Amino acid sequence: MILQCLVVEAAEHVRSDSGVGQDAAREHLLKLSKELEPTEAWNVVKAECFAWLCDNLAIDVSPLDWFPSFACWDRYSRPMSPVLWRRNDEIGRKFYPEMLPRMQKGNEQGRWMIWKDFDHIIPEWDKVLPLGFPGMKKRLLSNWQEEKPYYRAEKIAAEAIGRLLDRLVLLGDLRLSSSVSCPFARIDRLSKQVASLKRLREGAPRTAYDVMQFIYLYFVLSEHFEAVQARSLSIIDKTLWPYYRADLAAGRTTEAEFREQFRHFLWQWGSIDNYWGQPVTMGGTKSDGSTEYNPLSSVILDVMDECALPTPKFHLKIADNTPDAILRKALDMSRRHRPLSFVGEKPTRSVLEHLGYDSEAARRFVTKGCYEFTTPEAGNQLGGGHPNLLWDIATLLGDAKEGRFAAASFEDFKREYLRRVSATCAEVRDFFFVFEQHLDDVNPALVASLAGEYSVKTGKDALANGTRTGNNTQILLSGFGTSVDALLSVKEIVYEKRELSLGELGKLMAANWKGREDLRLRMLRSRRKWGNNDADANALGAEIAKTLSSVLNGRPNSRGGKFEMSGHNARQFIVEARKTGATPDGRKAGEEFSKNLSPTMGADTEGVTALISTLGSLDSRDFPGDFPLDVMLLPYTVAGDKGLEAMKSLLFQYYANGGLMIQFNVFDAEELKDAQLHPEKYENLQVRVCGWNVRWNDLPKVEQDAYIRRAEEIGR
C-alpha cells in the first residue's frame, strides 16, 4: 500500500523544473492552435500541438516507479481538450448545423444519448511491437507522399515522440547521477527503467518490461497527449509470454522482478482511474487448437488479485481447452469482486464468422472497451449512440393521455411501439452517418494512424477509414429488459385485466403512480418479467431484438464500415433513466432501468438458470457489437469447490445458449447494508457496474440501494 501511494504521488507530482503543468499546457495549446489554423491543415495543427506537449510538458523518471510520469495524467483535464471542443463546434456549424439542435434536444430529453467516440481505437499490437516507435517512423517515411498533409502531420508526431524519449532518457540519467543516497533497490529500478527507455528510443521492445513500457507510453501519448484512447492493452499473457520466457532463459529478469514490474504496470491505470476501467484481454486458442494460456497467465492473475484495483479490467477468453486451474482461479477471484469478465470463444467466433470474417481472423479476436470484440485488424469500431427504448413507450402513453393515440389491442400498441422505436434507432443511426464523416476533421488520430499499416500506406487517418476492415459503428440499446417489462405491463393492465384504459394509464404515469401504490407494487413484484424465463417476455424480447436488428445491422456507415447493434449501454441505464418518466412495470420516474441485456434490478426472481435461459431466447448474432450479461449471485450458492463448479456450469450453459460475455457480482443484502452503514470497514469492496468495477464507497446511495434491492430479491 505504501508503494502504491508512492506511485500515485509520482504520477501526480512530476518535476516542476522539467516542463509546464497541465493547466499552462492547456492555455498554450488553445493559443497555438488559433495561430496555426488559418494557414495549416487541421491535422498539421494538431500535430504541432502534440509536438509542443512532447517537448514541453512536465515529466519525471523516478526511482519510486518502473514507469515515467507526465503532467497530464487526468483525462478529464487533458491539455488538448479545449482545442478539440472548439474545433468540434466549428465543424458542427459548418457541416451539419440543422442537425445539431435535434441531436442536442434528444440528449437533453433522454430520448437518446449521442457523442463522438474517440475512445475505442486499438492498434494491431502484434504488428506494432516488432516495430517500436522508431520502426513506425521508418515505415511512415518509406510510404511518404509529399503532397498529402497527412504525411507531414504524422512525421511531426513521430519525430516529437522521439524527442520525448530523449527527454525521458536525459532526465533519467540526471536522476541516476544524483541518486547516490537512494537505497540500492531503487537505484537498480531506476537504472533498468532508463535502460529500457534507451532501447525504446533506438528500436523495438526487446524484453517483457520493454513491452509493458511501450504499451504504457503508447497509451499515454494517445489518450492524454492527443485525446484518442487506446481501448485495449493487448492479449497481455500471449503478448508478454515469448519475451518473458526469453528473459528468464537469458537471466535478464526473475519472476519476482516481473511481478513487481507488472504490479507497477497495473498501478498506472489505477492512478489514472478512468471511470469505466481499462480493458486487458487474456488467453485464446492457437491455430493448432491448443490454449494460448501459459505459465505467465497465472502470475498475471496473481498480481492482479493482489493489487485489488477496480481497473484494469481483465477479459478472459474461455473455451473447452482453457486450463481448469486458470478458470477456477479466475472464478474464485470473481466471487471476491475482482474486475473480471468471461468471454465465450466459440459463440464469439461464431458471431464474427456470421459477419463475414474468416475463421482464422475470428480465432484471433481481441476484446476492447467494456465488452466489445473484434478481429485484430479491425480495431476501429466506434460507438456512442444510445437510443432509449423506454422513450417511445412513454410518448405513446403520453399521446394516449392527450387523446392523440388509441390502440384496440395489445398487438396494435406493440406494432406502433416497434414502429416508433425503430424510427428512433434509425434517427440515431442517421446522425452518426453524417457526423462520422468529419471525425478526423475534429480529432485526427495521430498515434493510431502512425501505428496502422493500412493508414500509413493509404494516407488515410485511422478515424477516416484508415484501417483495413471493421470501421464499424455501434448503436447501443438502453433499457432493453425494462422495455420488455413495461410492454407486458401495458398488456396486463389495459388489455388483459382491463383495469385502466390506455389514456388512464398514461395519466397515471404522468402522475408518477400517485394514488395507485397498490397497482405499482403489484407490477413491480410481478414475475412476468425479463430475466425469469417467462415465455411471453422471452418472445417479446426476441421480437424487439429482431426488429431493431433489421434497422441497424449491416447498414453502411460513412467510414467504409457498417452499423452494428450492441446490448451494452454504459451508464445510460442511470443517466437516461433520470430523464425518463414512470413506466408501467412499477418503475417510478427517474429510477434506473435495466443495464445491458440484464433484467431490471431486482426483477429476476426465478434464479440464475432462468436468467440464462432468458438470454438464450435471443439470437446473439443480432448483437454483433456485444452481448453482455450481468449476474448477481448469493455467496452461499458459490462457496467452496462446489461453488466454483456451479459457476463453471453457468458459464458453459450461457455459452451453449449463444451468450458471449458474462460477469458476476457475488453479494448478499446484509453485507451490502453493512457496507452502506460502515463504509470504513469496506474500503476495498468493489461492485460490477456495467462493464467495469467501482468501489462500493464511491457509488451514490441511490445506486447502492439498487444493488441491495436486487440482492434482497434473489435471496427471497
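No hydrogens, no waters, no symmetry mates; every other heavy atom, side chains included, goes into these values. The shown structure was predicted, so the numbers you read here are calculated from the model rather than taken from an experiment.
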Sort out for me which residue in His386, Glu576, Arg571 forms a side chain to side chain donor-acceptor pair (under 3.5 Å) with Ser478. Glu576
Please determine which of Asp320, Thr322, Asn321 meets the side chain to side chain donor-acceptor pair (under 3.5 Å) test together with Thr285. Asn321
Does the side chain of [X] pick up a donor-acceptor pair with the side chain of [Y] at under 3.5 Å?
X      : Y      : value
Asp585 : Thr583 : yes
Thr374 : Gln381 : yes
Asn274 : Thr311 : no

Quick check: do [X] and [Y] have side-chain heavy atoms less than 4.5 Å from each other?
X      : Y      : answer
Phe365 : Thr281 : no
Phe623 : Leu552 : no
Gln653 : Ser613 : yes
Val575 : Met113 : yes
Thr348 : Thr367 : no
Leu629 : Asn596 : no
Trp692 : Pro310 : no
Leu548 : Leu418 : no

Should we say atom [atom1] of [X] is surrounded by more than 12 heavy atoms from elsewhere, each under 6.0 Å from it?
X      : atom1 : result
Asn512 : CG    : yes
Arg525 : CZ    : no
Lys346 : NZ    : no

Do the charged groups of [X] and [Y] touch, with an N to O distance under 4.0 Å?
X      : Y      : answer
Glu427 : Arg111 : yes
Arg709 : Glu591 : no
Asp440 : Lys460 : no
Arg522 : Glu492 : yes
Lys105 : Glu108 : no
Glu543 : Lys546 : no
Asp630 : Arg688 : no

Determine the sole option in Tyr371, Trp276, Phe627, Phe373 for which the ring-ring contact (aromatic ring centres under 6.0 Å, His included) test with His568 is passed. Tyr371
Against the six-membered ring of Phe435, is Lys116 placed for a cation-pi contact (under 6.0 Å from the centre, within 45° of the normal)? yes
Nearest heavy-atom neighbours spanning [X] and [Y]:
X      : Y      : value
Ser566 : Gly625 : CB-CA, 4.1 Å
Arg710 : Leu611 : NH2-CD2, 4.0 Å
Ser558 : Phe433 : OG-O, 2.7 Å
Gln663 : Ser341 : OE1-OG, 3.1 Å
Leu505 : Ile493 : CD1-CD1, 4.3 Å
Asn532 : Ala603 : ND2-O, 3.0 Å

So, [X] side chain and [Y] main chain: donor-acceptor pair closer than 3.5 Å or not?
X      : Y      : answer
Lys313 : Asn693 : no
Lys595 : Ile574 : no
Ser334 : Ala330 : no

For [X], all residues meeting side chain to side chain contact (heavy atoms under 4.5 Å, CB included), sequence neighbours excluded:
X      : answer
Arg621 : Val351, His354, Asp619
Glu416 : Leu396, Phe405, Arg419, Arg420
Ser549 : Asn553, Met565, Asp622

As a quick check of understanding, evaluate side chain to side chain donor-acceptor pair (under 3.5 Å) for Ser287 and Arg363, giving each step before the final call. CA-CA 8 Å; Ser287 57; Arg363 176 187 67 81; 4.8 Å; no
Can you tell which of Ser594, Ser598, Cys690 makes a side chain to side chain contact (heavy atoms under 4.5 Å, CB included) with Phe573? Cys690
Among Thr482, Leu487, Asn538, Leu488, which residue meets the side chain to side chain contact (heavy atoms under 4.5 Å, CB included) test with Trp530? Asn538
Quick one: do Gln572 and Leu476 satisfy side chain to side chain contact (heavy atoms under 4.5 Å, CB included)? Show the steps, please. CA-CA 10 Å; Gln572 300 314 309; Leu476 304 90; over 6 Å; no
